[in-house]
Amino acid sequence: MTEETPGFEEQQPDVPSGATSDDAEPKAAAPGTPGTPEKGAAAPAGDSDRTAGLTAQLDQVRTALGERTADLQRLQAEYQNYRRRVDRDRVAVKEIATANLLSELLPVLDDIGRAREHEELVGGFKSVAESLETVAAKLGLQQFGKEGEPFDPTIHEALMHSYAPDVTETTCVAILQPGYRLGERTIRPARVAVAEPQPGAQTVKADSAEGAEAGDEAADAAGTAVDNKENGGPDEG
């Protein structure tokens, strides 16, 4: 059994008579009491500083983004120019290589042309020659130079010169060796014989034309005089 100690009693808080235990708890401070934050009060200064710092960082990021975007656009433009330059150089190198190859074949093509003119292109040699000409044509080789066309020093090379009464300008009268071109590139000019109008031929033609005109005028004047005589002549005053 438990022995109770004399004089020991559980102490209770002093509560005024007529008051409940709820009254013993401290009441919340009423609004407006010093030390109590009110609703709608201004934010602390630390929040404003933090907002300003974030805005400054955002501006820096935007500036850096604009610079990086400009750098990327510049690099892209340089790359596009580089690609176009490489493609253009590749085409030029291919044309030069093809032109060099076809230049070495031109003497063979000349021999084939002379054999065809002398009707010696027969048998197996004819088949080989035609196959070679077909391959050269597929590579873009074009032959030019015809008799009777005007002389052009950019594509013709005059090896012989003469005068002819039936031409009005410097004309190719004979094709000694045909020319060849690859696209816009002239591999070999056409070697031709040219003829020019005879000196003084134009002057003679001009004199003849003037004489003919004078004769026509004289004939017209004579015809007018005959008509006047037949009609009794002009009336005298």
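This is a predicted model, so every value here is computed, not measured.
Judged as a salt bridge (Lys or Arg N to Asp or Glu O under 4.0 Å), the pairs with a partner in residues 144-166 (not counting sequence neighbours) are, in order, E157-R191. Note on residues 99-115: pairs passing side-chain hydrogen bond (donor to acceptor under 3.5 Å, both in side chains), not counting sequence neighbours, are D110-Q177, D110-R188, D111-R114.
A salt bridge does not link D87 to R84: none of the charged side-chain nitrogens sits closer than 4.0 Å to a carboxylate oxygen.
Under a hydrophobic clustering in which Ile, Leu, Val, Met, Phe, Trp and Tyr are joined whenever their side-chain heavy atoms come within less than 4.5 Å, directly or via other members, V108 and I187 fall into the same cluster. In this structure, I96 is not a member of the same hydrophobic cluster as L101, with clusters built from ILVMFWY side-chain heavy atoms closer than 4.5 Å.
With contacts defined as side-chain heavy-atom distances shorter than 4.5 Å, the pair L75/E78 qualifies. Using a 4.5 Å heavy-atom cutoff, the side chains of L72 and R68 are not in contact. Between V86 and R83, every side-chain heavy-atom pair lies at or beyond the 4.5 Å cut-off.
Here the straight-line distance linking atom CD of E130 with atom CZ of R116 works out to 6.5 Å at 0.5 Å rounding. Here the straight-line distance linking atom CG of D49 with atom CG of L54 works out to 11.0 Å at 0.5 Å rounding. Once rounded to the nearest 0.5 Å, the distance linking CG of L132 with CG of L105 reads 6.0 Å.
Side-chain heavy-atom separations under 4.5 angstrom define the hydrophobic clusters, and the remaining members of the one that includes I175 are F151, V192, V194. When hydrophobic side chains of Ile, Leu, Val, Met, Phe, Trp and Tyr are connected at separations under 4.5 Å, I155 ends up clustered with F144. Under the 4.5 angstrom side-chain criterion for Ile, Leu, Val, Met, Phe, Trp and Tyr, the cluster partners of L159 are M160, L176.
For H118, there are no ring-ring contact (aromatic ring centres under 6.0 Å, His included) partners, not counting sequence neighbours.
Counting heavy atoms of neighbouring residues, nucleotides and ligands inside a 6.0 Å radius, atom CD of Q80 exceeds 12 of them.
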Start with the C-alpha gap between T154 and T186, add the side-chain angles, then the distance that decides, and say whether side-chain contact (heavy atoms from CB on, under 4.5 Å) holds.
-> CA-CA 9 Å; T154 60; T186 300; over 6 Å; no
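Of the candidates L139, L109, V135, L139 is the only one forming a side chain to side chain contact (heavy atoms under 4.5 Å, CB included) with L102.
Of all heavy-atom pairs between F125 and A115, the closest is CE2-CB, 4.1 Å. For the pair A129 and L121, the tightest heavy-atom approach, listed with the atom from each and the gap, is CB-CD1, 3.8 Å. When all heavy atoms of P150 and C172 are compared, the closest pair comes out as O-SG, 4.3 Å.
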